[in-house]
S.K.: 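Dropping the structure in here first, questions after.
Within every chain, numbering begins at 1; the chains are lettered A, B, ... in the order of the sequence lines, protein sequences first and strands thereafter.
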Amino acid sequence: MHDPATPAQPGHRTSAWTLIAAAVAVPAIAFAYVGGWLAPHRLTPAKVIDQFQHNAGTFAGYRRNHAKGVCVTGHFDSNGQAQAYSIAQVFAPGQRTPVVGRFAIPGSNPYAPDSSVPIRSMALRFALANGQQWRTGMNSMPVFPVATPQAFYAQLQAQQPDPATGKPDPAKIAAFFAAHPETAAFRAWAKTARPSASFATESYWSLNAFAFVDAAGRRQPVRWRMVPEANDAGSAANAPGDANYLAADLTERLARGPQRWQLQVTLANPGDPTNDATKTWPDDRRTIDAGTLVLERSESQASGPCRDINYDPLVLPAGIEASDDPLLPARSAAYADSYLRRTSEEAHLPGTAAPMREASR
Amino acid sequence: MNATPDRFTPAARALHWLMAVMIVAMLFIGVGMVATVSARHEWLLAIHKPLGIAILLLAVVRLAVRLRHPPPPLPADLPVLQKLAALASHWLLYFLMLAMPLIGWAMLSAGGYPVMLGESLRLPPIFPTSPVAFAVLRHLHGTFAMLLFLTFLAHMAAALYHGLIRRDGVLASMLPAPPTPADDSDQA
């Protein structure tokens, strides 16, 4: 049936065992390298999320950034004007697409006062009728401080509180800005920005560039922003001492009626940078109005429908693609790590921190 | 003499080597994509999902081939413990190559993600949306990937042990037939 064994001679045996050992060791070492265990300097998603936790602490059950937020629901009404540039079903004329969104403020602390930062964020998940999804996370500023994940990580490191004072070291932050002149546009914006009294009166920018793809397969680099209909100064009802005035303001406005934004899509000219979120495109670029976002109700993030959504900006439908912006894959990878950590806490998996009572839901 | 084959069927051998390449590539893609924030994360993930479904489909075909055509017997003089190890590791490999894609698919379903295999090709969810299930399945996916990689290493080492040390025809049973069709049993 089979060969009776004709074993190797002793001399050959040694070389055979050596060969077997090498055949196991080489893929094992390659695997460990690719997996990052032998590449300690590689920036991994876990390192980025660890740094958020070093800076602000671990708030189990919460997102590791933009931890404080509120769920919103509504829909997007397309007017069809973006259809010439993108085959995404969400842009078909007259198409209404349900939206689950989330307003938030940046930072890892879910109890931070709303006035602690001038930035507000809007994240949206469009559930297209064909089952595809479009997820986007936008911020209320036109430019991002840095252009690369490495610079972002360096910024987080510079902001880590000094154990002696419990506050970030101003010298380290100054050194970071000095080493990163690309932050100038953001800093100029931040200098004049004031924490707004309402989520509803803010514009929200995609920051990163994307590409719209039309029926002929042509790629048009774009950026988008949500421009609010509301333009008042904000409700006067907010007591200055209230740390949570944004959610209260939103509830109050929505009780009066839906809040609306226009989706403005800016089309890049050839040569406009798509890989640098620190640079705006010139003002004269063509902008199309793609439709109206209508938000109808808000709910607590502890029990609302946005809780279990990871607003990964690379969850895109056919007709919208990522650009070459290096921040996009980094956001996607880091958000996935944050999502795994908070859902693991939610699941009470061994080795995870117990979710805080209000946070756990 | 012809009643028991000394080689796997051509279909089994073709599936073995094709899937060996796919599964090892898949393990490297998977471990690499979660360990970087670079653009590799994005394009490796885009390969990972359709490749996983392709492995799932091939594994089903392969299981059918295996059940229809029993493999050549192991050498009669192989120690019982080694025979047991061979049997157990082969079924572990079958289990993992079927389970891994299903867990990945279920995990994305539980996380509420659309399961996209390409620009517009979407698979239906196979698990209800649940953050708790997502976390459990995601950890299982990673743990089983490590187990699969270790089983692959052991499998490859054992195959080389048979081919280089014992020289008992076990490795040859998965290799292409030699050009001159020699009846091995005559040489015995």
Side-chain angles (χ1 to χ4, degrees), chain A residues 1-8 12-13 16-17 19-21 23-24 27-28 30-31 34-37 39 42-46 48 130-133 149 153 213 307-310 312 314-315 317-318 321-322 324 326 328-330 332-334 336-337 339-340 342-349, chain B residues 1 3-4 6 24 27-29 31-43 45 72-78 111-114 116 118-120 122 124 129-136 138-139 149 152-154 156-157 160-161 164-170 172-173 184-185 187-188:
Chain A
M1 333 250 171
H2 55 78
D3 283 345
T6 51
H12 289 137
R13 266 179 178 242
W17 278 118
L19 190 69
I20 293 172
V24 170
F31 193 73
V34 172
W37 296 285
R42 188 188 311 157
L43 185 54
T44 63
V48 175
N130 59 16
Q132 298 177 19
Q133 292 185 8
Y153 184 62
V213 183
R307 186 194 69 181
D308 300 329
I309 299 175
N310 163 12
D312 174 347
L314 290 186
V315 173
E321 291 178 2
D324 56 350
L328 279 173
S332 183
D337 194 82
Y339 187 64
L340 178 58
R342 66 189 181 93
T343 54
S344 298
E345 288 153 0
E346 190 73 33
H348 302 283
L349 294 184
Chain B
M1 287 304 139
T4 47
D6 59 1
V24 173
L27 288 165
F28 276 86
I29 289 169
V31 79
M33 74 188 191
V34 296
T36 179
V37 296
S38 75
R40 281 200 305 277
H41 172 81
E42 189 190 344
W43 64 262
L45 192 56
L74 289 165
D77 61 338
L78 194 67
Y113 296 98
M116 305 297 289
E119 276 293 289
S120 47
R122 186 181 60 87
T129 308
S130 153
V132 169
F134 169 81
V136 171
R138 174 65 186 79
H139 286 287
F149 187 70
F152 150 69
L153 289 181
M156 184 181 60
L160 292 173
Y161 166 73
L164 300 175
I165 309 275
R166 279 184 55 93
R167 300 184 173 179
D168 57 6
V170 168
S173 70
D184 284 341
S185 59
Q187 297 165 6

S.K.: Looking only at non-hydrogen atoms, find the nearest pair between A:A333 and B:V37 and report the distance.
M.R.: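 Looking at all heavy atoms of both residues, the closest pair is CB-CA, 4.3 Å.
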S.K.: By a 4.5 Å heavy-atom criterion (distance strictly below it), what part of A:D324 contacts chain B: side chain, backbone, both, or neither?
M.R.: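 When you check distances to chain B, no heavy atom of A:D324 falls under 4.5 Å.
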S.K.: Does any heavy atom of chain B fall under 4.5 Å from the side chain of A:A30, the backbone, both, or neither of them?
M.R.: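 Both parts, backbone and side chain.
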S.K.: So, for B:L153 and A:V24, which heavy atoms are closest and what is the spacing to 0.1 Å?
M.R.: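 Taking every non-hydrogen atom into account, CD2-O, 3.8 Å.
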S.K.: Among the options A:L19, A:L43, A:N130, pick out the one with the most heavy-atom pairs lying under 4.5 Å from chain B.
M.R.: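 The answer is A:L43.
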S.K.: I'd like to know which of B:T129, B:V136, B:V170, B:V132 tops the heavy-atom pair count under 4.5 Å against chain A.
M.R.: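 Counting heavy-atom pairs under 4.5 Å, the top option is B:V132.
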S.K.: Would you check if B:V34 and A:D337 make a side-chain contact, meaning some heavy-atom pair closer than 4.5 Å?
M.R.: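 With C-beta onward as the side chain, the pair stays apart.
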S.K.: Taking the side chain as C-beta and beyond, is there a heavy-atom pair between B:T36 and A:T44 under 4.5 Å?
M.R.: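 Answer no - side chains too far apart.
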S.K.: For A:N310 and B:Y113, does a side-chain donor sit closer than 3.5 Å to a side-chain acceptor?
M.R.: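 Present: a donor and an acceptor within the cut-off.
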S.K.: Quick one: what part of A:E345 sits under 4.5 Å from any heavy atom of chain B, side chain, backbone, both or neither?
M.R.: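 No part of it gets close to chain B.
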S.K.: Only pairs of heavy atoms separated by less than 4.5 Å count here; which of B:H41, B:E42, B:M33 has the most with chain A?
M.R.: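 Max contact count across the listed options: B:H41.
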S.K.: Shortest non-hydrogen contact from A:G131 to B:R122?
M.R.: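 Closest heavy-atom pair between A:G131 and B:R122: O-CD, 3.2 Å.
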S.K.: Of the listed residues (B:A172, B:A135, B:G112), which shares the most heavy-atom pairs with chain A below a 4.5 Å separation?
M.R.: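 Sorted descending by pairs with chain A, the first entry is B:A135.
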S.K.: May I ask you to decide if the ring planes of B:F134 and A:Y339 are parallel, tilted or perpendicular, using 30° and 60° as cut-offs?
M.R.: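 Aromatic pair B:F134/A:Y339 classed tilted.
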S.K.: Hey, what do you get for CZ (B:R138) to CG (A:L349), rounding to the nearest 0.5 Å?
M.R.: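 The CZ atom of B:R138 sits 12.0 Å away from the CG atom of A:L349.
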S.K.: When rounded to the nearest 0.5 angstrom, what distance separates CE in B:M156 from CD1 in A:I20?
M.R.: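 CD1 of A:I20 is found 9.5 Å from CE of B:M156.
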S.K.: What heavy-atom pair brings B:E119 and A:Q132 nearest, and what distance separates the two atoms?
M.R.: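 Taking every non-hydrogen atom into account, O-OE1, 4.3 Å.
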S.K.: What residue in A:A334, A:A336, A:S332 has the most heavy-atom pairs under 4.5 Å with chain B?
M.R.: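 The candidate making the most pairs under 4.5 Å is A:S332.
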S.K.: Under a 4.5 Å heavy-atom cut-off, does chain A meet the side chain of B:V24, its backbone, both or neither?
M.R.: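 Looking at B:V24, nothing touches chain A.
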S.K.: Under 4.5 Å heavy-atom distance to chain A, tell me which part of B:S130 shows up: side chain, backbone, both or neither.
M.R.: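 Contact with chain A: none, neither part.
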S.K.: Under 4.5 Å from any heavy atom of chain B, what part of A:R42 do you find: side chain, backbone, both or neither?
M.R.: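 Only the side chain of A:R42 comes within 4.5 Å of chain B.
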S.K.: Side chain from CB out, backbone as N, CA, C, O: work out which of these in A:A21 comes under 4.5 Å of a heavy atom of chain B, or both, or neither.
M.R.: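 No part of A:A21 comes within 4.5 Å of chain B.
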S.K.: Which bit of B:Y161 is near chain A, if near means a heavy-atom gap under 4.5 Å: side chain, backbone, both or neither?
M.R.: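 Both backbone and side chain.
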S.K.: Checking heavy atoms, do the side chain of A:I309, its backbone, both or neither come under 4.5 Å from chain B?
M.R.: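 Nothing of A:I309, per the 4.5 Å heavy-atom cut-off to chain B.
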S.K.: Is A:W37 close to chain B through its backbone or its side chain, or both, or neither, when contacts mean heavy atoms under 4.5 Å?
M.R.: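 Just its side chain gets close to chain B.
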S.K.: Given that the side chain runs from C-beta out, which part of B:I29 has a heavy atom under 4.5 Å from chain A: side chain, backbone, both or neither?
M.R.: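 Contact with chain A: none, neither part.
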S.K.: Report the distance from atom CZ of A:F31 to atom CG of B:L27, rounding to the nearest 0.5 Å.
M.R.: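 Here the interatomic distance stands at 5.5 Å.
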S.K.: Which atoms of A:P149 are under 4.5 Å from chain B, going by heavy atoms: the side chain, the backbone, both sets, or neither?
M.R.: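 Side chain only.
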S.K.: Counting heavy-atom pairs closer than 4.5 Å to chain B, which one of A:G35, A:A322, A:G36 comes out on top?
M.R.: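 So the answer, after comparing A:G35, A:A322, A:G36, is A:G35.
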S.K.: Check A:P329 against B:S38 and note the closest heavy-atom contact, atom names and distance.
M.R.: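 Looks like CB-O, 3.4 Å.
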